[in-house]
Amino acid sequence: MERPVFIALDFPDAKTTRLFLDNFRKMADKPAIKIGMELFFAEGPEFVRELHRQGFIIFLDLKLYDIPTTVGHAVASIAKLNVQYLTVHAAGGKKMLRQAVANKGQEMKLLAVTQLTSFSETDMQATQLTSSSMTENVIHLAELAYQSGIDGTISAPSEASFIQQKTADSFLRVTPGIRLTGDSTDDQARITTPSKAREFGATGLVVGRSITKSNNPVAAYQRVLSEWSN
Ligand code: C5P
């Protein structure tokens, strides 16, 4: 799937999620969807299988971060669910990332989370001992992921162009922190619009609340698609 827009299904249970997805079932091109911790921990792998059977492209956002053997085995288990995208933390280091790559199977793409889009510069500085800026830190983690054979990164939109320069055009740059003009920032710190994200060189978008909290989710999704593709 080229330049996907993933709708973040940050819902508490399968029932709410099915109701939300009913809005999109009649579309010729079903949206790609992202299942995060909230929904996965509530409903488990069986619900992922259900949505896969219904033909959705699935991005499982579990942000794996553990010792290499554990992450490798977790990736092997997740590969059986036929999800197309999965996240790991770049901060897990090269050994962990390589173990993830070794176990991912043919169909799955691994995306490495650099710094959360909810982190401000100050939040990030509070987690580290040595001083480097947010941008330096993100570039460093992106290079580490690239050298480890990972397929792409998750970063703030404004960082996508730096990542592109330091890695390769083919390295995926998927960006959350997307808002339609006028929407609430919520807990995100580094946000931008779909068209700005495109200008920054993003290759895919994750959009949650701008669509899921909208009075008309299909119209909001279509607005995202049109801003993203124009
Ligand atoms: O509602 P909103 O568009 O802010 O949702 C963003 C989604 O992207 C959430 O599901 C969040 O977990 C995820 N995400 C993020 N920042 C990252 C990685 C994932 O916001 N760095």
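The analysis underlying the following values was restricted to heavy atoms, covering all of them including side chains, and did not include hydrogens, waters or symmetry mates. First listed ligand is number 1; within each ligand, the first listed atom is number 1.
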(message) In terms of relative ring orientation, are Y85 and F6 parallel, tilted or perpendicular, with 30° and 60° separating the classes?
(response) perpendicular
(request) Return the orientation label for the F24 and Y221 ring planes: parallel under 30°, perpendicular over 60°, tilted otherwise. (result)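 Ring orientation of F24 relative to Y221: perpendicular.
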(request) Applying side chain to side chain donor-acceptor pair (under 3.5 Å), run through Q147 and E143 and close with a yes or a no. (result) CA-CA 6 Å; Q147 289 156 12; E143 287 180 314; 5.5 Å; no
(message) Which heavy atom of P194 sits nearest to which heavy atom of W228, and what is that distance?
(response) O-CE3, 3.6 Å
(request) State, yes or no, whether a side-chain contact exists between R179 and D186 at a heavy-atom distance under 4.5 Å. (result) yes
(request) Salt-bridge test for D123 and R190: reply yes if a basic N is under 4.0 Å from a carboxylate O, no otherwise. (result)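 No, this pair does not count.
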For a distance cut-off of 3.5 Å, show me each N or O of ligand 1 paired with any protein N or O, plus the separation.
residue: ligand 1; atom: 1 (O); partner: R209; partner atom: N; Å: 2.7
residue: ligand 1; atom: 1 (O); partner: R209; partner atom: NE; Å: 2.7
residue: ligand 1; atom: 3 (O); partner: R179; partner atom: NH1; Å: 3.0
residue: ligand 1; atom: 3 (O); partner: G208; partner atom: N; Å: 2.8
residue: ligand 1; atom: 4 (O); partner: R179; partner atom: NH1; Å: 3.2
residue: ligand 1; atom: 4 (O); partner: R179; partner atom: NH2; Å: 2.9
residue: ligand 1; atom: 4 (O); partner: Q188; partner atom: NE2; Å: 3.0
residue: ligand 1; atom: 4 (O); partner: R209; partner atom: NH2; Å: 2.9
residue: ligand 1; atom: 10 (O); partner: D10; partner atom: OD1; Å: 3.3
residue: ligand 1; atom: 10 (O); partner: D10; partner atom: OD2; Å: 2.7
residue: ligand 1; atom: 10 (O); partner: K34; partner atom: NZ; Å: 2.8
residue: ligand 1; atom: 16 (N); partner: T117; partner atom: OG1; Å: 2.7
residue: ligand 1; atom: 20 (O); partner: T117; partner atom: OG1; Å: 3.2
residue: ligand 1; atom: 20 (O); partner: Q188; partner atom: NE2; Å: 2.9
residue: ligand 1; atom: 21 (N); partner: T117; partner atom: N; Å: 3.4

